[in-house]
Each structure stands twice: as C-alpha cells, then as structure tokens.
Amino acid sequence: MTKLESGDAAPEFALPAADGTTVSLDAHRGRRVILYFYPAAMTPGCTKQACDFRDSLDSLAAAGFAVLGVSKDTPAKLAKFAEHDALTFPLLSDPELEVHKAYGAYGEKTMYGRTTVGVIRSTFVIDADGKVEKALYNVKATGHVARLRRELGLD
C-alpha cells in the first residue's frame, strides 16, 4: 500500500454522492479540499467525526475549504446518514475501494492488537492546484477535526 505525502499529486476521482450527483476532485480545482475517509456511515465514531466536520463547516468554508467524506457505503445509505445527522457536505460512495486504495486509505491496520485489512481512517488536505498539503493516516474519530483546525491555523 502506497501512502501519500505532502507535495504528491492528489489522485483524481469522480464518485457518486448521497444526493445522486457525481463529485470529482477536478471540479474543486482552485479551492482547497479536506477529503476524509471513514469506515462506515451511521456507526458511533464515524457519526461523531462527520458531526464535527458539520459543526465546523461554516468556518472551514470561510477559510476556503470544501469538505468531502468518502466511505464504501452505498449512496442510499449515505443519504440516510446525511438526513439523520443533518450533514450538509458531500458524502461519496466508493464501494469498490478504488479511491480508498489510491489514497492509501485501505489496507493493513492494527486494531486492538490484531492486524486486519480494512478502511484506514484518513484525512487529506489538498491545495487549490490538486497537490497534497497534508496526509494524515490512522486519525482518531473524536477530536480529529479540532486537531486539524489547529494544524491549519483556524483556531
């Protein structure tokens, strides 16, 4: 599994969103993007993380950031997640895990002392030119958005 680093070109993608549209990275060129990968919609940790992004969305947008969440869930499940938790940023479906793998957000990970294969909770900050500014792997669901805001100088 290849992990991305600062300065790498962010892999392009076009994925179906919860609202039925297709969202691409290319469509966000000229704007900074926070792209985050999470294991599963409507689970406690992923809900907490998504709600933290939702609650910070206005200040992130004011600082020039778009937020995109990616999971392997179907668009229908993502639509339920968005409606249930009033999530107003795009939730993207990657059931084949192609985009997860391109970003190094799927592979071997250690959970509770056991090595498993699965989604690696990861966040990427992508600059206006499509380059990776930050690549954060194995992030915690709780407190991650606050940490990211500090690292981006938004607090």
Side-chain angles (χ1 to χ4, degrees), residues 3-6 8 10-95 97 99-100 102-106 109 111-112 118-155:
K3 289 195 172 184
L4 297 176
E5 297 178 10
S6 294
D8 288 347
E12 278 297 332
F13 61 82
L15 292 172
D19 66 2
T21 63
T22 297
V23 175
S24 69
L25 182 60
D26 191 52
H28 288 82
R29 196 69 78 235
R31 186 168 188 204
R32 292 166 83 192
V33 174
I34 296 171
L35 177 69
Y36 82 99
F37 292 84
Y38 60 97
M42 297 193 285
T43 57
C46 297
T47 298
K48 173 72 175 126
Q49 185 180 23
C51 290
D52 283 351
F53 272 116
R54 176 201 65 206
D55 295 346
S56 287
L57 205 55
D58 287 346
S59 63
L60 290 169
F65 290 97
V67 174
L68 305 173
V70 182
S71 74
K72 61 184 191 288
D73 297 303
T74 64
K77 185 171 182 185
L78 294 174
K80 284 183 190 158
F81 186 33
E83 183 178 341
H84 184 267
D85 291 294
L87 304 175
T88 55
F89 56 89
L91 299 175
L92 310 180
S93 173
D94 182 28
L97 300 167
V99 178
H100 283 73
Y103 279 81
Y106 184 86
K109 62 182 181 175
M111 274 181 56
Y112 310 114
V119 175
I120 299 164
R121 191 181 302 276
S122 308
T123 300
F124 302 88
V125 178
I126 301 165
D127 72 15
D129 297 320
K131 296 261 189 261
V132 175
E133 277 184 44
K134 290 183 180 293
L136 306 168
Y137 291 95
N138 297 307
V139 301
K140 302 272 184 258
T142 303
H144 171 61
V145 175
R147 174 185 156 208
L148 186 61
R149 290 176 55 79
R150 280 191 304 277
E151 288 187 15
L152 294 171
L154 301 176
D155 280 342

| said: Could you walk me through whether L152 and R32 satisfy the side-chain contact (heavy atoms from CB on, under 4.5 Å) test, starting with their C-alpha distance in whole Å, then the side-chain angles of each, then the deciding distance to 0.1 Å, before giving a yes or no? | reply: CA-CA 11 Å; L152 294 171; R32 292 166 83 192; 4.1 Å; yes
| query | Quick one: salt bridge (Lys or Arg N to Asp or Glu O under 4.0 Å) partners of K72, sequence neighbours excluded? | reply | none
| Within-4.5 Å side-chain heavy-atom neighbours: H144 and T123 | yes
| request: Answer whether the closest heavy-atom distance between the side chains of P95 and D73 falls below 4.5 Å. | output: no
| query | Taking it one step at a time, do L68 and F13 satisfy side-chain contact (heavy atoms from CB on, under 4.5 Å)? | reply | CA-CA 12 Å; L68 305 173; F13 61 82; 4.0 Å; yes
| Parallel, tilted or perpendicular: which describes the rings of F53 and Y36, with under 30° parallel and over 60° perpendicular? | parallel
| request: Calculate, to the nearest 0.5 Å, the distance between atoms CG and CG belonging to L92 and L78 respectively. | output: 8.0 Å
Without placing hydrogens or testing angles, list every side-chain donor-acceptor pair under 3.5 Å for residues 22-31, not counting sequence neighbours.
unit_1 : atom_1 : unit_2 : atom_2 : d
S24    : OG     : A27    : N      : 3.1
H28    : ND1    : S24    : O      : 3.1
R29    : NH2    : E12    : OE2    : 2.6
R31    : NH2    : F65    : O      : 3.1

| query | Taking C-beta and beyond as the side chain, do H100 and V119 meet within less than 4.5 Å on heavy atoms? | reply | yes
| message | With heavy-atom distances below 4.5 Å as the criterion, would you say the side chains of K134 and I126 are in contact? | response | no
| request: Kindly give the heavy-atom pair with the smallest separation between I120 and S122, and that separation in Å. | output: O-OG, 2.7 Å
| message | Counting C-beta onward and ignoring hydrogens, is there a side-chain heavy-atom pair between S59 and R149 closer than 4.5 Å? | response | yes
| message | For D52 versus A141, what's the shortest heavy-atom pair and its separation? | response | OD2-O, 4.2 Å
| query | Roughly how far, to the nearest 0.5 Å, is the CD atom of E133 from the CG atom of D129? | reply | 9.5 Å
| query | If every non-hydrogen atom of P75 is compared with every non-hydrogen atom of S93, which pair is closest and at what distance? | reply | CD-OG, 3.5 Å
| Taking atom CG of D94 and atom OH of Y106, what is their separation to the nearest 0.5 Å? | 11.0 Å
| Is P39 close to R121 at the side-chain level, that is, under 4.5 Å between some pair of heavy atoms? | yes
| said: Measuring from atom CG of L15 to atom OG1 of T21, what distance do you get when rounded to the nearest 0.5 angstrom? | reply: 10.5 Å
| request: Flag this pair as yes if the NZ/CZ of K3 is under 6.0 angstrom from the six-membered ring centre of Y137 and inside a 45 degree cone about the axis; otherwise no. | output: yes
| remark: When every non-hydrogen atom of G69 is compared with those of Y38, the smallest separation belongs to C-CE2, 3.9 Å
| With a 4.5 Å limit on heavy-atom distance, are the side chains of F37 and F124 in contact? | yes
| task | Using the test side chain to side chain contact (heavy atoms under 4.5 Å, CB included), find all partners of D85 that sit at least two apart in sequence or belong to another chain. | result | T47, C51, R54, F81, L87
| task | Could you check if a side-chain atom of L148 sits within less than 4.5 angstrom of a side-chain atom of V125, using non-hydrogen atoms only? | result | yes
